[in-house]
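Report on the structure given below.
Computed from heavy atoms alone, side chains included, the values below leave out hydrogens, waters and symmetry copies. This chain uses plain numbering: 1 for the first residue, then up along the sequence.
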Amino acid sequence: MKPSVVAIKQQEIFKFNARAKSIPGAVNMTVGEPNFHTPEHIKQAAIKAINDDQTHYTVPEGNHELLNAVANYLHDKYGLNYDPKTQIVATTGVTEGVFSAFNAILQPGDEVLIPSPAFTIYGPDANFNGASPVYIDTSETNFKVTPEVLSEVLRTNPRIKIFLFNYPSNPTGVSYTEDELVALAEVIKKHNIFVISDEIYSELTYNFKHISFGNILPEQTILLNGLSKSHAMTGWRFGVVCGPAEVVAQINKIHELATTSITSITQFAALEAYKNGYDDPIPMREEYQARRDKLLAGLNKLGLECPTPNGAFYLFAKIPEQYVQDDVKFANDLLDKEHLAILPGSFFGIGGENHLRFSYAASMEDIDQCLSKLEDFLTLEKNDSLEEKYVKQV
């Protein structure tokens, strides 16, 4: 067996979710996918494709009409200019996009720079290729990478080949303004590295317009995006990799080996989304923002501090100091005692300790139940702590 594969552990978030699903009636605030349904016009496009027998192989990079639509969408939304003939590949979600890009670029001994806390696939994908993840702890800088820290890490780690940059962020929900991105780009352009910019939550940005890193530093950026979050299409598994033509050509080789091509039906659904679904994310984004505000206010009232997320659909809250600071124990006790599922922050790596990740891709009713159950739990924990203290004094 390949040692780098044997060394990969099952992701803790999946194990925790499996335990939560085994508890009848548990309120689940862990799920990282929209609770909306795919828009009807997209579903009908897929049904029509099936009825028209559009069920055969396509070219590996994706149907060319689809790639043209992707290019137009990215230009209209973010001002990006990608040649659909040479600079875009359709992948089986962003997950495969990360995997294929890492496989095309990394060699044993290379390093991948990852701001942490981070989504859980990036480090294992680096290890699989014989590379090592280098983590930046962002917990002391409001969960953002600063130019000063980035400069120092790149200076002292010359083997870094990729800066994996995810924003809006899973798990923290933080994003970056144009000025912040430009400041980071000024550091990166001094180094011979790629930025793999995972922008899957770009359409779920609040308070300011999302700026793509592909616009800031196009010659070094490999952009990952897709429809899972913006159009409630997680199960369709559609993503795109965009970037310099010579790099995308190599990524497409890995993609072709891994998948031949993504499913033809998904491609017809994606074509409809990119051509006629420009406004589909708007009502979802507005509802997420309302949910965010409700959950954030409730958590703050209970004494849980967290940065106000300006993207995605997550809140990353600090456990109050008067309670147990073991976030894994906290989350498991909360699940056992209140049947409320919230992910431990440490599952997302360095800087996530003593935090909890709440997903507000849930109904308002679930948010109400979450806050009620959490309040009951905190009251119980506080009383238990006082009782234990009293027993010790006696």
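A donor-acceptor pair under 3.5 Å links the side-chain atoms of D198 to the main chain of I200, judged by distance alone. The backbone N or O of G345 sits less than 3.5 Å from a side-chain atom of D327, completing a donor-acceptor pair. Counting only distance, with no hydrogens or angles, the side chain of D110 and the backbone of L106 share no donor-acceptor pair below 3.5 Å. In this structure a side-chain-to-backbone donor-acceptor pair under 3.5 Å is missing from R357 to I342. With hydrogens and angles disregarded, no donor-acceptor distance shorter than 3.5 Å links the side chain of N157 to the backbone of R159. A donor-acceptor distance shorter than 3.5 angstrom exists from the side chain of T266 to the backbone of W236, with no hydrogens or angles considered. Under the 3.5 Å distance criterion, the side-chain polar atoms of T172 are left unmatched by any main-chain donor or acceptor of F143. The main-chain N or O of M364 is never found under 3.5 Å from a side-chain atom of R291 such that the two would form a donor-acceptor pair. H231 contributes a side-chain N or O that, together with a main-chain N or O of G277, makes up a donor-acceptor pair within less than 3.5 Å. Using a distance-only test at 3.5 Å, with no hydrogens or angles considered, no donor-acceptor pair links the side chain of N166 to the main chain of S169.
Closest heavy-atom contact between S139 and D137: OG-OD1, 2.6 Å.
F268 meets the ring-ring contact (aromatic ring centres under 6.0 Å, His included) test with no other residue; sequence neighbours excluded. Scored by the salt bridge (Lys or Arg N to Asp or Glu O under 4.0 Å) test, E219 finds no partners at all (sequence neighbours excluded). Legend: residues meeting side chain to side chain contact (heavy atoms under 4.5 Å, CB included) with I254, ordered by chain and number and at least two apart, are S100, N103, A104. Annotation: salt bridge (Lys or Arg N to Asp or Glu O under 4.0 Å) contacts of D326 (sequence neighbours excluded): none. Under the ring-ring contact (aromatic ring centres under 6.0 Å, His included) criterion, F128 pairs with F99, sequence neighbours left out.
The pair K77-E203 meets the salt-bridge criterion, since a charged nitrogen lies less than 4.0 angstrom from a carboxylate oxygen. One finds a salt bridge joining R19 and D336 here, because a Lys/Arg side-chain nitrogen approaches an Asp/Glu carboxylate oxygen to under 4.0 Å. With respect to K144 and E180, a salt bridge is recorded, a charged nitrogen being found less than 4.0 Å from a carboxylate O. For K337 and E381, the salt-bridge test passes: some basic side-chain N is under 4.0 Å from an acidic carboxylate O. Using a cutoff of 4.0 Å between basic side-chain nitrogens and carboxylate oxygens, K43 and E40 are scored as salt-bridged.
Within a 6.0 Å radius of CD in E305, no more than 12 heavy atoms belonging to other residues, nucleotides or ligands are found. Summarising the local packing, CD of Q325 is surrounded by more than 12 heavy atoms from other residues, nucleotides or ligands at distances under 6.0 Å. More than 12 heavy atoms of other residues, nucleotides or ligands lie within 6.0 Å of CG in N51, so this atom counts as buried by the packing criterion. No more than 12 heavy atoms of other residues, nucleotides or ligands lie within 6.0 Å of NZ in K301, so this atom counts as exposed by the packing criterion. The neighbour count for K275 NZ, taken as heavy atoms of other residues, nucleotides or ligands under 6.0 Å away, does not exceed 12. Within 6.0 Å of atom CG in D52, more than 12 heavy atoms from other residues, nucleotides or ligands are found, so the atom counts as buried in its surroundings.
Checking T30 against N17 by side-chain atom types alone, a donor-acceptor pair falls below 3.5 Å. No hydrogens or angles considered: nothing links the side chains of E365 and S363 as a donor-acceptor pair under 3.5 Å. Using modelled atom types and a 3.5 Å distance limit, the side chains of Y78 and S202 yield a donor-acceptor pair. A donor-acceptor pair shorter than 3.5 Å cannot be found between the side chains of Q87 and D83. Side chain to side chain, S228 and E33 fail the donor-acceptor criterion of an N or O pair below 3.5 Å. Side-chain contact check for T259 and E96: no donor-acceptor pair (N or O, by modelled atom type) lies under 3.5 Å. Between Y278 and D76, the side chains place a donor N or O and an acceptor N or O closer than 3.5 Å (distance only, hydrogens not considered). In summary, the side chains of K294 and Q289 do not present any donor paired with an acceptor at a separation below 3.5 Å, with no hydrogens or angles considered. Side chains of D366 and Y360: no donor on one and acceptor on the other come within 3.5 Å.
Y176 belongs to a hydrophobic cluster with L113, V134, I136, V145, V149, L150, V153, L154, I160, F163, F165, Y167, L181, V182, L184, V187, I188, I193, V195, I211, F213, I216, L217, counting contacts under 4.5 Å between side-chain heavy atoms of Ile, Leu, Val, Met, Phe, Trp and Tyr, direct or through other members.
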- Item | Stepwise salt bridge (Lys or Arg N to Asp or Glu O under 4.0 Å) test for K15 and E12 | CA-CA 5 Å; K15 290 193 287 186; E12 294 290 344; 3.4 Å; yes

- Applying ring-ring contact (aromatic ring centres under 6.0 Å, His included), run through F14 and F347 and close with a yes or a no. CA-CA 10 Å; F14 296 142; F347 284 3; over 10 Å; no

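Exactly one of Y206, F313, F119 qualifies for a ring pair (Phe, Tyr, Trp, His ring centres under 6.0 Å) with Y201. That residue is F313.
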